[in-house]
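First comes the structure, then the notes that go with it.
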Amino acid sequence: MATALLETREAGAPAPASPPARRAPRRTDWRKRGEIALLAGPAVVMFLAFVIFPVLMAAYYGFFRWKGFGPPTDFVGFENYAIILQDPTFRDAVLHNGLIVVASLVLQGPLAILFALLLNQRIRGRSLIRVLIFVPYVISEVVVGTGWSLMLQDRGALNGLLAGIGLGAWQNSWIADPAIAMWTLMAIITWKYIGFAVILMLAGLQGIPEELYEAAAIDGASFWQMQRSITLPLLAPTIRIWAFLSIIGALQLFDLVNIIWGQYVSATAGTSTMATYMYLNGHMAGNYGFGNAVAVVIFAISLVVALVYQRFVLRRDTEGALTGGEGKKK
């Protein structure tokens, strides 16, 4: 029998396969999971405690007519939410927020790209110009709102300057006139937040290889052709991120409007927002249950906008970030 087996092997027949070895338990998996839980655990706890839990509590208090102290007992169900959705003042506030979103994107985006292109060139005083553009962004909203409210009064610095240079016909009630109050607000917002957009655009421009511009220049491309064919396509992910942050910030705008226009004037001047509506009809009216319901509605609107933007605009960027490593391995 042994001789026959030996002859079979010598004839080239495959040897019988050895039994598969048993895999040892992979302790490294549990170690990695423990490290992830240790590092991500505090962040998850903080997120649940300071984001999810307050939203749930606001939704709970929104079902009551509550004065802000003691346990809520006057249950009204969806009455607060029905009042909010049927109130024309709230619909006007939503419209104002929508106008601020669109105007912020239309005004700040192109200006930020132009400033970033200028400051990306080697010009004298570039660092000083960058600082001057970014300084308004780091100034407190209270300081900005107070300063602009004083300058834009009927007898403020702006009207005094116009009268002093012979443009008295251009004097206007910049804050109280509903026809121009929204444009006044947009000018202030642009001045305040364009520095943040410029810094983001500059960071995006720093990541574009210089060799692409050199190759385009050799091919005879002009400056604007290079910006259209190289800069804008490669800067698109940065623009999309900035646009998302700008949209969410515009939906939650409160400080500047409340400081410059006050609690009641903002509604008559046509600059009220959802946040000022919540403050006026919740906190100032002493109806905290209604105010919590407004907060939940604002949160829902912001969440829907964020999810839609993520689904249709940021999807390419997130998919590229998740699959980029696999594509390189392949």
Side-chain angles (χ1 to χ4, degrees), residues 92-93 95-202 242 246 249-250 252-273 275-276 279-280:
D92 290 340
L95 177 61
H96 297 158
N97 277 107
L99 292 175
I100 294 171
V101 168
V102 175
S104 298
L105 297 178
V106 172
L107 294 177
Q108 294 183 40
L111 287 176
I113 295 174
L114 290 176
F115 278 125
L117 290 175
L118 175 63
L119 297 176
N120 200 41
Q121 308 298 319
R122 295 180 180 178
I123 58 176
R124 180 176 297 180
R126 180 175 61 176
S127 300
L128 178 60
I129 298 174
R130 289 180 178 180
V131 172
L132 293 177
I133 291 178
F134 189 68
V135 161
Y137 177 71
V138 298
I139 298 177
S140 170
E141 278 78 1
V142 175
V143 176
V144 172
T146 304
W148 279 105
S149 64
L150 294 175
M151 289 189 293
L152 296 176
Q153 297 292 331
D154 292 345
R155 297 184 179 181
L158 180 56
N159 283 337
L161 176 62
L162 293 175
I165 61 177
L167 297 177
W170 288 25
Q171 290 181 336
N172 210 322
S173 183
W174 304 101
I175 296 178
D177 189 355
I180 62 173
M182 181 59 71
W183 296 107
T184 301
L185 175 60
M186 288 313 309
I188 297 173
I189 291 175
T190 302
W191 176 84
K192 175 75 170 68
Y193 295 107
I194 195 173
F196 176 70
V198 171
I199 293 299
L200 283 183
M201 301 305 172
L202 278 173
W242 163 80
S246 180
Q252 301 174 356
L253 182 64
F254 170 74
D255 297 357
L256 291 176
V257 177
N258 188 65
I259 294 169
I260 297 174
W261 277 270
Q263 305 167 11
Y264 306 99
V265 180
S266 61
T268 59
T271 59
S272 61
T273 64
T276 60
Y279 178 74
L280 178 61

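Just so it is clear, the structure is predicted and the values come from calculations on it, not from any experiment.
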Quiz item: Has the side chain of Asn97 got a donor or acceptor atom that lies under 3.5 Å from a matching backbone atom of Ala250?
Solution: yes

Practice problem: Please name the pair of heavy atoms, one in Asn120 and one in Arg126, separated by the smallest distance, quoted to 0.1 Å. | Solution: O-NH1, 3.7 Å

Quiz prompt | Verdict with reasoning, Leu119 to Ile133, per side-chain contact (heavy atoms from CB on, under 4.5 Å) | solution = CA-CA 10 Å; Leu119 297 176; Ile133 291 178; 3.8 Å; yes

Exercise. Hey, could you give me the CH2/CD distance between Trp148 and Gln153, rounded to the nearest 0.5 Å?
Key: 13.0 Å

Quiz item: Given side chains that start at C-beta, do those of Ile259 and Thr146 come closer than 4.5 Å, heavy atoms only?
Solution: yes

Quiz item: Got Arg130 and Leu202 here, is their nearest side-chain heavy-atom distance under 4.5 Å?
Solution: yes

Practice problem: Please examine the side chains of Ser246 and Leu105, heavy atoms only from C-beta on, and report whether any two atoms are closer than 4.5 Å. | Solution: yes

Quiz item: Crowded around Phe115 CZ? As in, over 12 foreign heavy atoms under 6.0 Å?
Solution: no

Quiz item: Are side-chain N/O atoms of His96 and Thr273 paired as donor and acceptor at under 3.5 Å?
Solution: no

Practice problem: Calculate, to the nearest 0.5 Å, the distance between atoms CG and CE belonging to Leu158 and Met151 respectively. | Solution: 8.0 Å

Quiz item: Can you name the nearest heavy-atom pair linking Ala116 to Val198, along with the distance?
Solution: CB-O, 4.2 Å

Quiz item: Any side-chain heavy-atom pair from Tyr137 and Ile199 closer than 4.5 angstrom?
Solution: no

Exercise. Would you name the heavy atoms of Ala163 and Gln171 that are closest together and state the gap between them?
Key: CB-NE2, 3.1 Å

Practice problem: Hey, could you give me the CG/OG distance between Asn159 and Ser173, rounded to the nearest 0.5 Å? | Solution: 8.0 Å

Quiz item: Do Ile260 and Thr271 have side chains that get closer than 4.5 Å, going by heavy atoms?
Solution: no

Practice problem: For the residue pair Val265 and Thr268, establish whether any side-chain heavy-atom pair is separated by less than 4.5 Å. | Solution: yes

Quiz item: Is there a side-chain contact between Leu253 and Ile189 (heavy atoms, below 4.5 Å)?
Solution: yes

Practice problem: Mark yes or no for whether Trp261, through its side chain, and Ser272, through its backbone, hold a donor-acceptor pair below 3.5 Å. | Solution: no

Quiz item: Can you name the nearest heavy-atom pair linking Gly195 to Phe134, along with the distance?
Solution: O-CD1, 3.6 Å

Exercise. First locate atom CD1 of Ile100, then atom CD of Gln252, and finally report the distance between them rounded to the nearest 0.5 Å.
Key: 12.5 Å

Self-check item: Steps toward side-chain contact (heavy atoms from CB on, under 4.5 Å) verdict (Tyr193, Leu256)
Solution: CA-CA 12 Å; Tyr193 295 107; Leu256 291 176; 4.2 Å; yes

Quiz prompt | Closest heavy-atom pair and its distance - Ala181, Ala269 | solution = CB-O, 3.4 Å

Self-check item: Which atom of Ser104 lies closest to which atom of Trp242, heavy atoms considered
Solution: O-CH2, 4.0 Å

Quiz item: What distance separates Leu185 CG from Lys192 NZ, expressed to the nearest 0.5 Å?
Solution: 13.0 Å

